[in-house]
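The structure under discussion appears below in the form of structure tokens.
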Amino acid sequence: MKSFFAVNALALASGAAARTFTVFNACPFTIWPAMFTDLNVAPNVPSFPTGWEAPAFTSVSFQVPNNWKAGRIWGRRNCNFSTNPGPNSCLDGGCNGGLLCDPHTGTGVPPASLAEWTLQGDGNQDFYDVSLVDGYNLPMRITTNTGCPVAECAVDLGPNCPAPLKGPFDSTGFPVGCKSACLANLDGNQANSGNCCSGSHNTLATCPSSGVDFYSYFHGNCPNAYAYAFDDAAGLKTCTAGNNPDYTLTFCP
Ligand SMILES: *[C@@H]1O[C@H](CO)[C@@H](O)[C@H](O)[C@H]1NC(C)=O
């Protein structure tokens, strides 16, 4: 109670409104959520650790700046940080730094499902999405407390993942990820690729979903997520920033 009051008194004193983010692990196993903010874009970062352990069926809530920009949260699977903590401490989603992701370089090792936010963006809208552009590693859902659209990939895309994309695998052989066609480098040149929307394919017109290998697997199972880079129509969600929506991210919804 005391710390709750202190945090709110500080927010009022600085005149900075904030949003409450809740991250709930509904998976029946431990995951290690991680958070990264692109400091080239963001004026403020959440005052919360950039990584934490989330046992099954537990949640945490924390404050995020009202104008958080280019922020992302993802989950890490099968981690052990006891020796050489770093990107390889987890089967997927690991980051430079270990449990705490480095604030400058601590993005996740793909494949990893991403929950992404830019608050108070163009038109005073919040923008948010679930992205499978860097592949999939956990089901996730973003909801608001103001009735804005749900962003989600609620299906476990691992077990039925197309063979060229399937994995990595845990010690029992279970697939804990499913790579995107770009990440798997299916067309052999990530610098000029219709799967990556790069090089001569770097516009919506030159990178249609019809040119993305296995698009239908990702989009068919997760129609409210980005299945490839230019998938705004499916994946991008907006919410009126002036209503100061709070967000809940649920893993394994
Ligand atoms: C983590 O790794 C260390 C060093 O390899 C090992 O001794 C330990 O048993 C591992 N812990 C778990 C929970 O697997």
Side-chain angles (χ1 to χ4, degrees), residues 3 21-39 45-62 64 71-116 130-142 152-180 183-185 218 221-222 225 248-253:
S3 66
F21 273 49
T22 300
V23 178
F24 175 43
N25 178 20
C27 305
F29 48 84
T30 297
I31 63 170
W32 289 263
M35 179 159 61
F36 183 80
T37 305
D38 183 346
L39 298 175
V45 300
S47 45
F48 193 74
T50 54
W52 64 96
E53 180 172 322
F57 312 119
T58 62
S59 71
V60 296
S61 292
F62 53 91
V64 164
R72 58 169 64 175
I73 299 174
W74 70 97
R76 295 172 285 181
R77 296 184 73 155
N78 303 71
C79 301
N80 181 347
F81 300 105
S82 63
T83 52
N84 300 320
N88 300 321
S89 299
C90 308
L91 274 185
D92 49 33
C95 62
N96 288 336
L99 176 62
L100 295 175
C101 296
D102 183 280
H104 298 276
T105 67
T107 56
V109 175
S113 321
L114 303 176
E116 304 179 305
V130 166
S131 173
L132 308 172
V133 174
D134 292 337
Y136 156 93
N137 75 335
L138 283 166
M140 53 168 56
R141 172 181 290 154
I142 302 172
E152 68 178 359
C153 179
V155 176
D156 182 356
L157 295 181
N160 294 320
C161 181
L165 308 178
K166 204 172 194 174
F169 301 87
D170 72 10
S171 59
T172 71
F174 184 81
V176 296
C178 183
K179 300 177 210 48
S180 63
L183 178 64
N185 197 16
F218 294 94
N221 282 300
C222 296
T248 295
L249 172 62
T250 303
F251 289 98
C252 304

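Every number for a ligand or one of its atoms is a count from 1 in the order of the listing.
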With a 4.0 Å heavy-atom cut-off, what residues sit around ligand 1? Asn80, Ser82

Take the angle between the ring planes of Phe62 and Trp52 and call it parallel below 30°, perpendicular above 60°, tilted in between. perpendicular

Report yes if the side chains of Cys27 and Phe251 come closer than 4.5 Å at any heavy-atom pair, otherwise no. yes

Distance in Å, Ser171 OG paired with Leu91 CG, rounded so as to fall on 0.5 Å steps: 8.0 Å

From Ile73 CD1 over to Thr37 OG1, what is the distance, rounded to the nearest 0.5 angstrom? 8.5 Å

Determine whether a donor-acceptor pair (N or O, by modelled atom type, separation under 3.5 Å) exists between the side chain of Thr105 and the backbone of Asp102. no

What residues, two or more places apart in sequence or in another chain, satisfy salt bridge (charged side-chain N to carboxylate O under 4.0 Å, His left out) together with Arg77? none

